Number of protein chains: 2
Amino acid sequence: MQLMSEKGAAGGGLRERKKRATRAALSEAAVRLAAEHGAEKVTVEAISAAAGVSVRTFFNYFDSRDEAFVVIDADAGARMRHAVLEAPAHLSPLAALREAMAAELAEAEQQHELWRLHAEVLHASPHLLARGVGAHMAAEADLADAIALRLRGDGDTGGDGPGLYPRLLAAVAGAAVRTSMDHWSAHQEEAAFLDVFHEVFTLLAAGLPAPSA
Amino acid sequence: MQLMSEKGAAGGGLRERKKRATRAALSEAAVRLAAEHGAEKVTVEAISAAAGVSVRTFFNYFDSRDEAFVVIDADAGARMRHAVLEAPAHLSPLAALREAMAAELAEAEQQHELWRLHAEVLHASPHLLARGVGAHMAAEADLADAIALRLRGDGDTGGDGPGLYPRLLAAVAGAAVRTSMDHWSAHQEEAAFLDVFHEVFTLLAAGLPAPSA
DNA sequence: GACATAAGTTGCATGGTATGCAAAGATGCA
DNA sequence: TGCATCTTTGCATACCATGCAACTTATGTC
């Protein structure tokens, strides 16, 4: 191996790099085809062909067709979990979560065009935006777990999984991100995504007060 | 017609009553079968047979198999929208939403056994809890619209659909309800559902502060 | 009450989605 | 090189989902 790949979770042998490449190719093909033809008209066969693998292989990577439109980066959850656990102690749980998500989203914007297409595809078929919850639900459970750990300090979440508060926090933050994406997708010219994102978390931290206007 | 049915949206001719009955029979059959055998093992054919209709008819009522597990009451969205619009002016948007949802959930608990089974089914396959977002997304958009109307006072939402705040409010409230259901479903003996529900909205209104403990 | 109309149900045909299995191909390592 | 492991692939199978045409059932009117 001559060159480390750029990302955090990268590295490993040829096998793992190939797998990541295949997965990325499938995701990207799915998003581009959906942006062009509409998500409903894109078959698994078309996605697989565009990525140069068989249909059967597609289903080795994704549990369902929709998942390919939704989960752009499979490792994001693990990275966010790590970020929450490593966040400075003075941050509130909500702020720690906000920072973890902001970092992830900022990185996603590096592939600006794909990210924009992705937002448009989700906005065009709310069905998929919803499905995103499903795909991200595991990640949310992970985040809830991380928050619970952070609150307790030790390595024990209490046996019965994270409590009500961590789960609520993770679920609400997820909803906030999706709302931000959807809103930004409809107003791309008027505001930067990160501005929308921060406005949303400010509203959350303030307890969702009625706007003064 | 000799007797008015009990519910708000009830009434109408024989046709409408039959449709409601068929839909309810399909929903109930789906939930009961899922509670018994696990949602993944329940086919559309089994649900249809249990409800006494053909498979084709099932798909006249639901867009997908999962929808039958998720949407127990198709009119709930419209009722909540109405409740938000009619809520006392002194309530904050969040409180108005909370009251509308609480009323709906209290009514759902009248069919206690079915409601409990429903919560268990969703808890057992998070896949479906997620799908719930999809099914309820239209309702959430409606709620966002109602909140926007309420905030403006007149009959105009501003042309471009509800703004960021109403949408965020509806999405977060939806996430809160789902979290409540999931948590309560795992701790049914320890707390009443409405207690969990109110605790969640209290946390939201307080801006999700770190718990003192 | 009989009729025309609208609405709902059903079976059939069709195509896409998803999974298990076993054979073939690639990779990692000694 | 040769063996163990992982990945891809084709095939068979079952289920999901939709359009269409034929049939049955309410509704309103005369």
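Note that the structure is predicted; figures quoted are calculated from it, not measured. The sequence lines fix the lettering, A, B, ..., with proteins before strands; numbering per chain opens at 1.
- If you take NE2 of H127(B) and P of dC16(D), they are 12 Å apart, rounded to a whole angstrom.
- Figure legend: R65(B) and F59(B) shown without cation-pi pairing, the cationic atom not lying both under 6.0 angstrom from the six-membered ring centre and within 45 degrees of its axis.
- Rounded to whole Å, the distance from NZ on K19(A) to P on dT9(D) is 13 Å.
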Provide a list of protein-nucleic acid N or O atom pairs under 3.5 angstrom, restricted to nucleotides 26-30 of chain C.
residue	atom	partner	partner atom	Å
dA26(C)	O3'	K18(A)	NZ	3.4
dT27(C)	OP1	K18(A)	NZ	2.5
dT27(C)	O2	R15(A)	NH2	2.8
dG28(C)	OP1	L14(A)	N	2.7
dG28(C)	OP1	R15(A)	N	3.1

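- Annotation: proximity of residues 43-55 of chain B to DNA chain D (heavy atom, distance under 4.0 Å) is found for T43(B), V44(B), numbered in ascending order.
- Applying the side chain to side chain contact (heavy atoms under 4.5 Å, CB included) rule to A119(A) yields the partners M181(A), W184(A), S185(A); only residues at least two apart in sequence or on another chain are considered.
- F197(A) does not carry R98(A) over the face of its six-membered ring by the limits of under 6.0 Å from the centre and within 45° of the normal.
- Contacts between residues 21-28 of chain A and DNA chain C, counted as heavy-atom distances below 4.0 Å, involve no residue at all.
- Between the side chain of T57(A) and the main chain of V53(A), no donor-acceptor pair closer than 3.5 Å is present.
- Checked against salt bridge (Lys or Arg N to Asp or Glu O under 4.0 Å), R167(A) has the following partners two or more places apart in sequence or in another chain: D182(B).
- Looking at residues 62-69 of chain B, you'll see D63(B), S64(B), R65(B) sit with a heavy atom under 4.0 Å from some atom of DNA chain D.
- The separation between F59(B) atom CZ and dT14(C) atom P is 19 Å, rounded to whole Å.
- Under the salt bridge (Lys or Arg N to Asp or Glu O under 4.0 Å) criterion, E120(A) pairs with R116(A), sequence neighbours left out.
- Taken from CG in D195(A) to CD in E190(A), the straight-line distance is 12.0 Å, to the nearest 0.5 Å.
- Residues meeting the side chain to side chain contact (heavy atoms under 4.5 Å, CB included) test with A176(B), sequence neighbours left out: L168(A), V200(B), F201(B), L204(B).
- The distance from atom CZ of R17(A) to atom C1' of dC6(D) is 16 Å, rounded to the nearest whole Å.
- Using a distance-only test at 3.5 Å, with no hydrogens or angles considered, a donor-acceptor pair links the side chain of S27(A) to the main chain of V71(A).
- Residues in residues 17-56 of chain B take part in no ring-ring contact (aromatic ring centres under 6.0 Å, His included) pair, two or more places apart or across chains.
- Under the rule for a salt bridge (Lys or Arg N to Asp or Glu O under 4.0 Å), the partners of E113(B) that lie at least two apart in sequence or sit in another chain are R32(B).
- In this structure a side-chain-to-backbone donor-acceptor pair under 3.5 Å is present from H187(A) to H183(A).
- A straight line from CG of N60(A) to C1' of dT17(C) spans 15 Å, rounded to a whole angstrom.
- Look at Y61(B) and you won't find any side-chain N or O under 4.0 angstrom from OP1 or OP2 of dG8(C).
- H118(B) has its side chain out of reach of L114(B): every pair of non-hydrogen atoms, C-beta onward, lies at least 4.5 Å apart.
- Two end axes, each from the C1' atoms of five base pairs, can be drawn for the helix from dG1(C)-dC30(D) to dA30(C)-dT1(D); they diverge by 30°, to 10 degrees.
- Counting heavy-atom neighbours within 6.0 Å of Q111(B) CD, excluding the residue itself, gives a total of 12 or less.
- A straight line from CZ of R20(B) to C1' of dG8(C) spans 15 Å, rounded to a whole angstrom.
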Would you give me the side-chain donor-acceptor pairs under 3.5 Å for residues 40-47 of chain A, sequence neighbours excluded?
residue	atom	partner	partner atom	Å
T43(A)	OG1	E45(A)	N	3.4
T43(A)	OG1	A46(A)	N	3.1

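- A donor N or O paired with an acceptor N or O is found under 3.5 Å between the base of dG19(D) and the side-chain atoms of R56(B).
- Atom NE2 of H82(B) sits in a sparse spot, with 12 or fewer heavy atoms from other residues, nucleotides or ligands closer than 6.0 Å.
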